Number of protein chains: 2
Amino acid sequence: MPLTSSPRGRPAGTSSAQTRQRIITAAIRRVAECGRSGATIREIASAAEMTSASLYHYFPTKDKLMAAAVAAAREIALPRLHDAAQRGATVADRLAAVVAEADRVSRDHPYLAAFERATGAASPLHLVLGEIVDEARRSGSLAADVDPRGAANAVYALTRGLTEQAARLSPEAYRATLRCAEDLLRGRLF
Amino acid sequence: MPLTSSPRGRPAGTSSAQTRQRIITAAIRRVAECGRSGATIREIASAAEMTSASLYHYFPTKDKLMAAAVAAAREIALPRLHDAAQRGATVADRLAAVVAEADRVSRDHPYLAAFERATGAASPLHLVLGEIVDEARRSGSLAADVDPRGAANAVYALTRGLTEQAARLSPEAYRATLRCAEDLLRGRLF
DNA sequence: ACCTGAACACCGTTCAAGT
DNA sequence: ACCTGAACACCGTTCAAGT
């Protein structure tokens with residue numbers, strides 16, 4: 001074997017699952033930094049210390065890799081949002097707690113908000129908000145003539161817009177926006 | 001000159017401004033249908049009845065063409081939203097009128113909502129909402145301790161999310177969502 | 001199974017050459 | 001000025017060949 005040849009086969013001390021995770025982590029970071037189309041397969045592979053051809057051994061297309069990254073990102077936020085949904089006595093309290101927790105998750109995982117924004121994937125927030133509104137309807141906190149699905153969608157629309165703004169505004173301006181969004185949910189903005 | 005050669009020079013009866021407009025219209029449609037990266041320069045040029053090389057005579061890069069398309073799209077919606085902002089006695093009435101008019105604009109220009117969503121550009125809605133909230137603050141309809149920029153951003157976030165939902169939901173479900181959004185603005189959802 | 005370099009068709013963009 | 005076909009570097013993806 002010539003000394004100039006590149007190493008072949010799986011490096012010692014790494015499992016297939018670890019390699020997969022390394023690729024997903026690299027993908028989340030690169031997509032957050034450069035956007036979905038700006039993050040090239042070659043760069044993601046390089047950040048995961050392999051060739052683009054090797055990456056295709058783990059993910060058959062860029063779309064499938066993105067879907068796996070979206071699912072991984074969701075698993076980070078979902079349990080925390082679920083916990084937050086338990087806090088608070090009233091529906092408005094719970095909604096505010098979930099929105100606030102979503103903000104904290106963004107702070108703890110700096111790449112996450114930019115990644116979700118770049119992919120435009122449905123956030124775990126939708127699920128949690130739907131649950132809160134459903135429960136509000138069961139407990140009678142929602143006016144009887146209000147469509148619960150419509151209410152969940154409206155609140156979800158608000159949070160989608162907030163996530164988008166988070167990437168556009170300064171942290172200070174975004175914090176002010178969040179406070180107003182909470183006032184809006186509590187019915188005391190205007 | 002061989003009979004097989006393609007025509008050269010500007011076709012008779014067209015001005016430079018008309019050609020520019022034709023390119024922009026084609027760009028809006030293709031981006032709405034295929035997304036920003038899915039809409040290729042070659043396809044946009046083809047839809048505008050020219051070569052991609054010719055298109056570069058009018059726009060130096062794809063980014064500049066997209067910016068021009070965004071500006072053109074804005075000019076469609078802005079006057080109508082401005083008019084709607086005059087209607088209604090209270091702040092909530094005016095906000096609801098603008099949101100409703102934005103919905104009608106989307107219906108009148110089927111490609112527009114998808115295009116704005118695909119480009120992620122700041123919509124003319126932002127400007128109009130900012131004006132309404134500023135006026136609300138001057139007239140004292142906004143609580144003194146509320147940051148007016150934050151309030152405008154929060155309402156804008158809601159409308160951005162609504163626009164996104166419009167593409168995802170059935171017309172019926174979207175209408176229910178719009179009604180709940182109005183209730184939310186009026187402070188009587190929860 | 002896992003990895004490689006080299007190739008494929010396609011993209012945004014450029015350019016010499018035509019009218 | 002306006003348009004063309006042909007080329008450029010780069011992208012996602014494939015593949016024969018290595019261990």
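Being a predicted model, the structure only gives us computed values, none of them experimental.
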Open item on the list: Run A/Leu178 and A/Glu182 through side-chain contact (heavy atoms from CB on, under 4.5 Å) and show every step you take.
Closed with: CA-CA 6 Å; A/Leu178 261 185; A/Glu182 193 185 324; over 6 Å; no

Task: OP1 or OP2 of D/dT4 under 4.0 Å from side-chain N/O of B/Thr51 - done: yes

TODO: Ignoring backbone atoms, test whether A/Tyr56 places a side-chain nitrogen or oxygen under 4.0 Å from the OP1 or OP2 oxygen of D/dC15.
DONE: no

- [ ] Figure out the CE/P separation between A/Met50 and D/dT19, and round it to whole Å.
- [x] 19 Å

Open item on the list: D/dT4, OP1 or OP2 - any side-chain N/O from B/Ser54 closer than 4.0 Å?
Closed with: yes

Task: Dot-bracket summary - DNA chain D, pairs being Watson-Crick or G-U whose distances fall under 3.5 Å, with | when paired to another strand - done: ||.|||||...|||||.||

Open item on the list: In whole Å, I'd like the distance from the OH atom of B/Tyr58 to the P atom of C/dG12.
Closed with: 20 Å

- [ ] Take atom CZ of B/Phe59 and atom P of C/dG12, then tell me their distance rounded to the nearest Å.
- [x] 15 Å

- [ ] Identify whether the distance between the nearest side-chain nitrogen and carboxylate oxygen of B/Arg36 and B/Asp63 falls below 4.0 Å.
- [x] yes

Open item on the list: Set out, in order, the CA-CA distance, both residues' side-chain angles and the distance that settles side-chain contact (heavy atoms from CB on, under 4.5 Å) for B/Val91 and B/Leu142, then state yes or no.
Closed with: CA-CA 9 Å; B/Val91 181; B/Leu142 196 66; over 6 Å; no

Task: Distance in angstrom units between A/Lys64 NZ and D/dT13 P, rounded - done: 12 Å

Open item on the list: Using OP1 and OP2 only, check whether a side-chain N or O of A/Ser16 sits under 4.0 Å from C/dC2.
Closed with: yes

TODO: Describe the nucleic acid contact of B/Ala45 in one word from base, sugar-phosphate, nothing, applying a heavy-atom distance below 4.0 Å.
DONE: nothing

- [ ] Report the distance from atom CZ of A/Arg22 to atom P of C/dC2, rounded to the nearest whole Å.
- [x] 12 Å

TODO: Taking all non-hydrogen atoms of both residues into account, name the closest pair between A/Ala84 and A/Glu101 and its distance.
DONE: CB-CB, 3.6 Å

Open item on the list: Without decimals, in angstroms, what is the distance between A/Leu55 CG and C/dC2 P?
Closed with: 13 Å

Task: Atom-to-atom span, CD1 of A/Ile41 to P of C/dA7 - whole angstrom - done: 21 Å

Task: Polar side chain donor-acceptor pair, B/Ser139 to B/Glu135, under 3.5 angstrom - done: no

Task: Residue-phosphate contact under 4.0 Å: B/Ser52 side-chain N/O, C/dT13 OP1/OP2 - done: no

- [ ] Please state how far atom CG in B/Asp63 lies from atom P in C/dG12, giving the value in whole angstrom units.
- [x] 11 Å

Task: Proximity to the side chain of B/Ala53 - top-ranked nucleotide from D/dC11, C/dC3, D/dG5 - done: D/dG5

Task: Side-chain ion pair, A/Glu172 and A/Arg175, N-O less than 4.0 Å - done: no

Task: Nearest to side-chain heavy atoms of A/Arg42, which nucleotide of D/dG5, C/dG12, D/dG12 - done: D/dG12

Open item on the list: So, OP1 or OP2 of C/dC3: does either fall under 4.0 Å of a side-chain N or O from A/His57?
Closed with: no

Task: Residue among A/Leu185, A/Val99, A/Val128 satisfying side-chain contact (heavy atoms from CB on, under 4.5 Å) with A/Thr159 - done: A/Val99

